[in-house]
4 protein chains.
Amino acid sequence: MPSEPTAPQQRMRSAERRRQILDAAIEIVGRRGYYGFSVQEVAARCGLTVAGVLHHVGTKDQLLLALLDERDRRDAEAVPGLLASEEGERPGLARLRALVARNSTQPELVRLYSMLRTESLYEEHPAHGYFLARERRVLALFARCVAGEVGEEEAGPVARQLLALMGGLEEQWLRSGRSFDLVEQWDLAVARLLPAAGR
Amino acid sequence: MPSEPTAPQQRMRSAERRRQILDAAIEIVGRRGYYGFSVQEVAARCGLTVAGVLHHVGTKDQLLLALLDERDRRDAEAVPGLLASEEGERPGLARLRALVARNSTQPELVRLYSMLRTESLYEEHPAHGYFLARERRVLALFARCVAGEVGEEEAGPVARQLLALMGGLEEQWLRSGRSFDLVEQWDLAVARLLPAAGR
Amino acid sequence: MPSEPTAPQQRMRSAERRRQILDAAIEIVGRRGYYGFSVQEVAARCGLTVAGVLHHVGTKDQLLLALLDERDRRDAEAVPGLLASEEGERPGLARLRALVARNSTQPELVRLYSMLRTESLYEEHPAHGYFLARERRVLALFARCVAGEVGEEEAGPVARQLLALMGGLEEQWLRSGRSFDLVEQWDLAVARLLPAAGR
Amino acid sequence: MPSEPTAPQQRMRSAERRRQILDAAIEIVGRRGYYGFSVQEVAARCGLTVAGVLHHVGTKDQLLLALLDERDRRDAEAVPGLLASEEGERPGLARLRALVARNSTQPELVRLYSMLRTESLYEEHPAHGYFLARERRVLALFARCVAGEVGEEEAGPVARQLLALMGGLEEQWLRSGRSFDLVEQWDLAVARLLPAAGR
DNA sequence: TATGAATGAGGGTTCATTCAT
DNA sequence: AATGAATGAACCCTCATTCAT
């Protein structure tokens with residue numbers, strides 16, 4: 001419905017506006033997933049028209065992908081090398097712990113990935129490919145992180161186990177209203193799973 | 001004169017039809033979640049009108065809850081006492097293994113719970129309450145299952161870890177196209193997590 | 001939705017059931033008119049299925065007409081000769097007052113007629129014909145009621161005025177939550193309109 | 001190069017379109033009331049999609065209220081001060097007559113108010129509050145109009161009577177296919193009701 | 001007498017998208 | 001950079017009705 005001409009529409013610079021839109025989308029998609037969120041809602045949160053939002057992001061699907069890219073970009077910027085492992089450096093368990101620690105400060109982000117990871121199990125989900133590739137990459141990274149602790153043929157399964165643990169604990173953490181300390185529980189789990197490494 | 005031998009009956013009896021509807025819904029909700037599925041799709045799969053489906057289940061929301069109830073009912077019937085633990089009997093690790101084993105034969109079911117569990121993190125999701133309660137119950141059960149293996153103050157955290165592992169491995173299992181043996185990976189994980197119990 | 005088999009469905013005799021249905025319908029149609037009422041609502045109020053109601057009344061339209069007939073039948077029975085004026089007897093202002101008095105004890109009934117009278121202004125309303133005929137009859141009756149008080153050529157207009165007054169006051173009476181005495185206001189109005197007659 | 005001289009413009013400006021929508025709605029609601037009209041019908045009459053109509057008015061309920069506001073706005077504009085009585089000026093019977101006279105030229109408008117006034121007796125009707133307030137205001141105005149003619153304690157009842165008469169006569173006028181002169185009948189009624197004032 | 005299954009039509013509303021401005 | 005008009009498709013749901021039981 002044509003609304004009253006509202007407060008003098010402040011025009012933003014494109015980059016700024018885009019960031020604002022992606023922020024809003026991250027939060028909303030984190031809550032209700034791809035299928036449950038609407039461009040309308042993003043628009044409302046930004047004080048924009050639906051058409052206004054689309055002007056910046058193109059399409060609902062593109063918005064989703066843009067949002068994932070943006071997250072990756074920001075993460076790479078904020079904690080360089082946390083998820084990457086290009087060089088010859090040998091990441092260890094500390095790396096995994098750092099990851100958990102960082103996530104524990106960003107529940108919103110955790111929500112987003114939880115949501116989309118599960119939703120994208122469906123082959124036609126727009127982020128299906130993204131998360132398939134991501135999981136492969138992450139499993140490989142985790143395997144390298146534990147390479148020093150376990151035998152070669154065990155690295156794969158243990159990486160699986162750690163990834164499962166991480167995701168599962170995060171989900172419980174969210175559902176419980178973050179009523180427990182995520183890092184602490186992670187440490188307990190790792191101590192059990194890789195007892196030799198603790199020392 | 002006896003009537004024709006009942007041509008391919010169009011009109012079904014209530015229970016039958018309801019089961020058919022719930023089956024279809026389970027599959028679809030498992031793929032796309034509550035937000036992504038439509039009554040229309042269920043109807044199409046059952047050869048019914050949308051109104052026809054609604055005649056049996058009332059509402060989209062009620063369909064979701066009915067579907068969860070139905071699952072519970074069928075599970076309780078098929079493997080009695082798997083999730084329950086009423087009496088004084090002491091469930092152990094075997095119980096957990098049995099659970100994983102059963103799930104490994106029902107990927108569709110696993111999908112459904114994965115999907116809804118995550119989606120229902122959102123407070124206004126129609127199954128939010130259901131999964132909140134369910135997680136509490138399951139954590140309590142798991143804690144009892146490991147009561148014999150670990151100290152009392154450790155039962156809670158370990159239950160968390162096992163639940164996280166179970167969910168996480170299942171998810172990886174689904175995403176990988178079930179390319180690994182779920183029970184095998186579970187055993188490996190448990191062997192690491194509770195080494196003493198292995199024997 | 002197929003409901004639980006409820007309390008042992010008491011079967012009623014047809015006439016009884018029909019009366020019950022019409023009673024419910026009178027109340028509901030009185031509130032929301034023909035367009036706003038649904039067979040479903042009537043059914044609910046009678047503890048019947050929609051099909052059950054239709055079994056007794058045939059059709060939504062027929063229900064409406066049946067309901068009007070029933071009202072007329074009951075009125076004729078309860079206060080014989082109130083609206084009729086077949087014989088040579090000369091009805092007077094007392095007759096009109098009796099009418100108002102009776103209505104003042106049956107707000108539900110007043111509601112019904114108010115509602116349908118207005119709704120049926122529309123030519124395609126199922127009760128259009130009914131109320132057209134009714135108004136003619138009533139105007140004729142009213143004219144006879146005031147024949148003794150005013151000149152012949154005035155009887156028509158005065159009948160109009162009295163009918164307008166009656167309907168209008170009743171409507172105000174309903175809207176105000178019956179916060180004034182309908183008969184009293186009627187008397188005041190008549191005293192003004194036909195001053196000579198008062199004595 | 002100048003563009004073609006604007007082919008029969010499909011896209012309308014907001015105000016224009018809105019007016020068109022409200023006009024259509026007034027007519028339809030006047031015929032069948034709030035419960036009997038559908039947005040679809042309004043859309044069809046405007047050569048728009050349902051979604052198109054909703055784009056301008058928001059909601060079926062909002063359309064109804066917008067329509068009443070619009071009527072008030074137009075009336076206030078066309079015959080300023082007819083229904084208002086802000087200042088110290090003393091309105092008299094002439095004011096009431098002017099009102100009837102105006103209405104007699106706008107049967108459509110009369111229909112609308114007749115319809116909604118009655119329908120909104122129902123407490124949950126979207127215009128219930130509107131007409132409750134309106135009746136209070138109008139009764140107060142009418143009371144002031146006859147303040148010069150009758151004693152103070154009679155003003156209230158007489159206002160009621162006049163309002164009832166006006167509404168009732170209008171309704172008869174509509175049902176009869178406007179077969180009589182509304183103003184003439186009004187004059188007759190007023191002459192009877194307030195004989196002293198005639199002079 | 002009454003129900004239960006099923007439908008077809010229509011209800012209002014939401015949504016993503018296009019296009020001109 | 002952003003809006004506003006408009007659409008087409010989909011959404012869930014309600015309704016009156018039919019038919020077999």
Side-chain angles (χ1 to χ4, degrees), chain A residues 1-3 5-6 9-14 16-18 37-41 43 46-56 58-63, chain B residues 9-14 16-18 35 37-41 43 46-56 58-61 63, chain C residues 1-3 5-6 9-14 16-18 37-41 43 46-56 58-63, chain D residues 3 9-14 16-18 35 37-41 43 46-56 58-63:
Chain A
M1 195 168 59
S3 53
T6 81
Q9 191 53 47
Q10 68 261 40
R11 295 224 165 179
M12 277 177 150
R13 252 170 294 100
S14 205
E16 215 174 332
R17 187 60 99 179
R18 199 181 152 84
F37 99 101
S38 74
V39 178
Q40 158 60 36
E41 205 177 342
C46 296
L48 276 181
T49 315
V50 171
V53 171
L54 259 16
H55 171 68
H56 287 278
T59 274
K60 193 191 173 184
D61 278 40
Q62 288 168 17
L63 170 50
Chain B
Q9 197 176 357
Q10 179 136 350
R11 204 150 281 199
M12 274 175 138
R13 252 169 287 98
S14 199
E16 224 173 324
R17 187 61 100 180
R18 198 180 155 84
Y35 295 119
F37 101 101
S38 73
V39 178
Q40 157 61 34
E41 204 176 343
C46 297
L48 274 182
T49 317
V50 171
V53 171
L54 259 16
H55 170 67
H56 287 277
T59 279
K60 191 191 176 185
D61 277 39
L63 171 50
Chain C
M1 196 170 55
S3 52
T6 80
Q9 190 55 43
Q10 69 262 38
R11 295 221 165 181
M12 276 178 153
R13 253 170 294 100
S14 205
E16 216 174 330
R17 187 61 100 180
R18 198 181 153 85
F37 100 101
S38 73
V39 178
Q40 157 60 34
E41 206 178 341
C46 296
L48 276 182
T49 314
V50 172
V53 171
L54 258 17
H55 171 69
H56 288 278
T59 275
K60 192 191 176 186
D61 278 41
Q62 287 169 18
L63 170 51
Chain D
S3 59
Q9 197 174 358
Q10 179 137 348
R11 204 149 281 200
M12 275 175 136
R13 252 169 287 98
S14 201
E16 223 172 323
R17 188 59 99 180
R18 197 180 155 84
Y35 295 118
F37 100 102
S38 72
V39 178
Q40 157 59 35
E41 205 176 343
C46 296
L48 274 181
T49 316
V50 171
V53 171
L54 258 15
H55 170 66
H56 288 278
T59 279
K60 192 192 175 186
D61 278 39
Q62 286 170 17
L63 170 50

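Each chain gets a letter, A, B and so on, in the order its sequence line appears, and its residues count up from 1. Owing to the predicted nature of the structure, the values given are computational and were not obtained by experimental measurement.
Counting only heavy atoms from C-beta on, C/Leu48 has its side chain closest to E/dT3 among E/dG8, E/dT1, E/dT3. Nearest nucleotide to the A/His55 side chain, out of F/dG8, F/dT14, F/dA1: F/dA1. Taking the side chain of D/His56 as heavy atoms from C-beta on, and the options F/dA5, F/dA2, F/dT7, the nearest nucleotide is F/dA5. When distances run from any side-chain atom of C/Val50 to the nucleotides F/dT17, E/dG8, E/dT17, the shortest one goes to F/dT17. Side-chain proximity of B/Thr59 to the nucleotides E/dT18, F/dC13, F/dT17 is greatest for F/dC13. Closest to the side chain of A/Gln40, from the set E/dT3, E/dC15, F/dA16, is E/dC15.
Judged by distance alone, with hydrogens and angles left aside, the side-chain atoms of D/Thr59 form no donor-acceptor pair with the main-chain N or O of D/Gln62 at under 3.5 Å. No donor-acceptor distance shorter than 3.5 angstrom exists from the side chain of D/Thr49 to the backbone of D/Gly52, with no hydrogens or angles considered.
Using a 4.0 Å heavy-atom cutoff across all strands shown, B/Tyr35 reaches no nucleic acid atom at all.
A straight line from CG of C/Leu63 to P of F/dC15 spans 14 Å, rounded to a whole angstrom. Distance, D/Leu54 CG to F/dG8 P: 15 Å, rounded to whole Å. Computed from coordinates, the C/Asp61 CG to F/dC15 P distance equals 16 Å when rounded to whole Å. Taking atom CD on C/Glu41 and atom P on F/dA16, their separation rounds to 10 Å, with Å as the unit. Residue D/Arg13 contributes atom CZ, which lies 16 Å from atom C1' of F/dT3 at whole-angstrom precision.
Nucleotide E/dT21 forms a Watson-Crick or G-U wobble pair with F/dA2, both donor-acceptor distances falling under 3.5 Å. With a cut-off of 3.5 Å on both Watson-Crick or G-U wobble distances, the partner of E/dG10 is given as F/dC13.
Taking both residues in full, the closest heavy atoms of B/Cys46 and B/Arg17 are given as O-NH1, 3.3 Å, listed atom of the first, atom of the second, then distance.
If you find the closest nucleotide of DNA chain F to D/Ser14 and to C/Lys60, the one lying nearer the 5' end belongs to D/Ser14. For the pair C/Thr49 and B/Ala51, nearest-nucleotide mapping onto DNA chain E gives the more 5' position to C/Thr49. Nearest-nucleotide assignment on DNA chain F puts the 5′-proximal partner with B/Ser38, out of B/Ser38 and C/Gly58.
Not one side-chain nitrogen or oxygen of D/Arg17 sits closer than 4.0 Å to the OP1 or OP2 atom of F/dG4.
Partner of A/Val50 under the side-chain contact (heavy atoms from CB on, under 4.5 Å) criterion, out of A/Gln40, A/His55, A/Glu41: A/Gln40 alone.
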